[in-house]
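Below is one structure, written out as structure tokens; the observations come after it.
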2 protein chains.
Amino acid sequence: MNTADSILQTALSEFAERGYSGTSLNTIANEVGIKKPSIYNHFKNKEALFEAVVKKVYVDYMQTLKIEIDKAPSAEAGLKSILWGLANYLSDAEEGKFYMRYILFPPEALADVVNRTFMQFEEDCNKLFLPVINRLELSPDVTDEEALDALYCLLDGWTVQTLYYSHDIVLRKREASWKVFMEGVSRKESKGS
Amino acid sequence: MNTADSILQTALSEFAERGYSGTSLNTIANEVGIKKPSIYNHFKNKEALFEAVVKKVYVDYMQTLKIEIDKAPSAEAGLKSILWGLANYLSDAEEGKFYMRYILFPPEALADVVNRTFMQFEEDCNKLFLPVINRLELSPDVTDEEALDALYCLLDGWTVQTLYYSHDIVLRKREASWKVFMEGVSRKESKGS
DNA sequence: GTCTATATACAGATAGAC
DNA sequence: GTCTATCTGTATATAGAC
């Protein structure tokens with residue numbers, strides 16, 4: 001890996017962990033094994049470095065989503081495996097943590113570029129998710145758009161919860177909310193009552 | 001309002017907006033109308049100030065939850081109004097924004113105190129929510145605990161979404177995910193199929 | 001309790017030698 | 001492309017006068 005990539009990767013990790021203001025270029029340089037001024041040979045300044053990380057994360061997350069969708073089987077089990085894959089990516093990969101932190105709390109001066117990049121990301125997501133939703137046997141009471149909205153809410157809830165619950169509890173909560181979601185969107189067979 | 005309270009309130013707002021490292025005591029002092037060293041007459045240092053804000057937010061959020069639960073009517077409509085009230089509090093009040101930011105991304109050195117405080121908070125929440133869940137006519141397929149887990153997931157999803165969607169879209173998404181949630185947890189009447 | 005003045009540390013960024 | 005040296009600004013925090 002060349003120096004620029006090392007800086008990028010280290011910056012990603014530090015920004016995700018300590019926040020933009022909490023991360024110093026000195027720390028990044030030390031971890032990479034260079035001196036601080038050398039960073040400026042690869043990136044114009046701290047803001048430009050941050051923006052480069054944003055773009056990298058966008059590409060990386062998109063790729064992960066595509067992989068998860070491709071390897072998924074069909075209908076319900078497929079959707080579940082896609083969501084699980086995404087939730088795990090967001091909680092485990094440093095790219096995922098970075099994504100979560102800065103879509104929610106972008107540094108003031110960089111909010112614009114962050115928002116534009118990640119909003120574009122969600123549009124691309126929609127295109128990938130809708131066909132999967134279509135393969136489900138939806139309840140006649142629920143439209144595709146409602147199912148998609150509820151799906152994002154589910155995923156957003158999961159990703160938040162990975163930030164502050166232990167792994168065991170996260171898994172339990174995912175199963176429960178997944179079950180309720182599927183009960184809510186699925187075509188009902190009359191089960192007595 | 002006395003000086004200590006002014007500092008506390010201003011710190012809450014600045015921390016919520018700019019993050020811990022991104023907030024300087026100088027800014028806080030200016031906004032309060034005093035000089036920076038005066039802050040140290042009321043709080044030992046920046047960390048102590050932050051901890052005081054955490055405690056304040058805990059008390060404030062708990063109070064909001066109690067108020068929402070007390071004024072709610074019964075069963076389904078009641079639960080909906082409670083959740084709406086909480087989601088609005090989290091998205092509109094500065095206390096809510098602070099809560100969201102630091103339960104998700106506490107500054108490294110203060111993670112312990114943040115986690116202890118907010119975990120205590122959730123235990124108290126459970127005690128308040130369970131009776132409300134009990135008043136619903138739950139589907140025989142869903143346990144109380146599952147419904148509660150799914151409920152928190154719903155609320156977590158909503159609160160995240162208030163951070164990056166416009167108000168209109170937030171409302172649409174809430175309605176959709178609420179509908180799917182209620183479909184999922186409610187006792188089914190056989191509607192043909 | 002509030003201030004001015006200051007100590008100390010470290011941040012981002014640049015100049016210029018190699 | 002990397003370094004040493006340095007500029008400049010600003011951060012937290014304290015000492016001590018009023």
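Just so we're on the same page: letters track the sequence lines, and every chain starts at 1.
The side chain of A:Asn26 places an N or O atom within less than 4.0 Å of a non-bridging phosphate oxygen (OP1 or OP2) of C:dA11. Contact annotation: A:Ser24 side-chain N/O to C:dA11 OP1/OP2 distance is under 4.0 Å. Contact annotation: A:Ser38 reaches the phosphate of D:dC3 (side-chain N/O to OP1 or OP2, under 4.0 Å).
Of the candidate nucleotides D:dA13, C:dG12, C:dA11, D:dA13 has the atom nearest to the side chain of B:Leu25. For B:Pro37, taking side-chain heavy atoms from C-beta onward, the closest of the listed nucleotides C:dA13, D:dG1, C:dA5 is C:dA5. Taking every side-chain heavy atom of B:Tyr40 into account, D:dA13 is the closest of C:dA11, D:dC3, D:dA13. Nearest to the side chain of A:Lys46, among C:dT14, C:dC3, C:dA13, sits C:dA13.
In this structure, A:Ile28 places its CD1 atom 15 Å from C1' of C:dC10, rounding to the nearest Å. Computed from coordinates, the A:Glu47 CD to C:dA11 P distance equals 17 Å when rounded to whole Å. One atom, NZ of A:Lys36, and another, C1' of C:dG12, lie 6 Å apart when rounded to the nearest Å. Here C:dG12 presents its P atom at 15 Å from NZ of A:Lys44, a figure rounded to the nearest Å. In this structure, B:Glu14 atom CD and D:dA11 atom P are separated by 12 Å, rounded to whole Å. The distance from atom CG of B:Leu49 to atom P of D:dA11 is 15 Å, rounded to the nearest whole Å. Between B:His42 atom NE2 and C:dC3 atom C1' the separation is 12 Å, expressed in whole Å. Atom-to-atom, CD1 of B:Ile34 to P of C:dT4 comes out at 12 Å; the value is rounded to the nearest Å.
Using a 30° and 60° split on the angle between ring planes, B:Phe15 and B:Phe50 fall in the perpendicular class, above 60°.
Counting non-hydrogen atoms under 4.0 angstrom, A:Thr23 reaches the backbone sugars and phosphates but no base.
Shown here for A:Val142 and A:Gly184, the closest heavy-atom pair between the two residues is CG2-O, 3.8 Å. In this structure, A:Glu68 and A:Ile82 approach most closely via the heavy-atom pair O-CG1, 3.6 Å. The two residues B:Leu83 and B:Trp178 have their closest heavy-atom pair at CD1-CZ3, 3.6 Å.
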**Residue pair B:Val54, B:Leu110: steps toward the side-chain contact (heavy atoms from CB on, under 4.5 Å) verdict** = CA-CA 10 Å; B:Val54 168; B:Leu110 295 160; over 6 Å; no
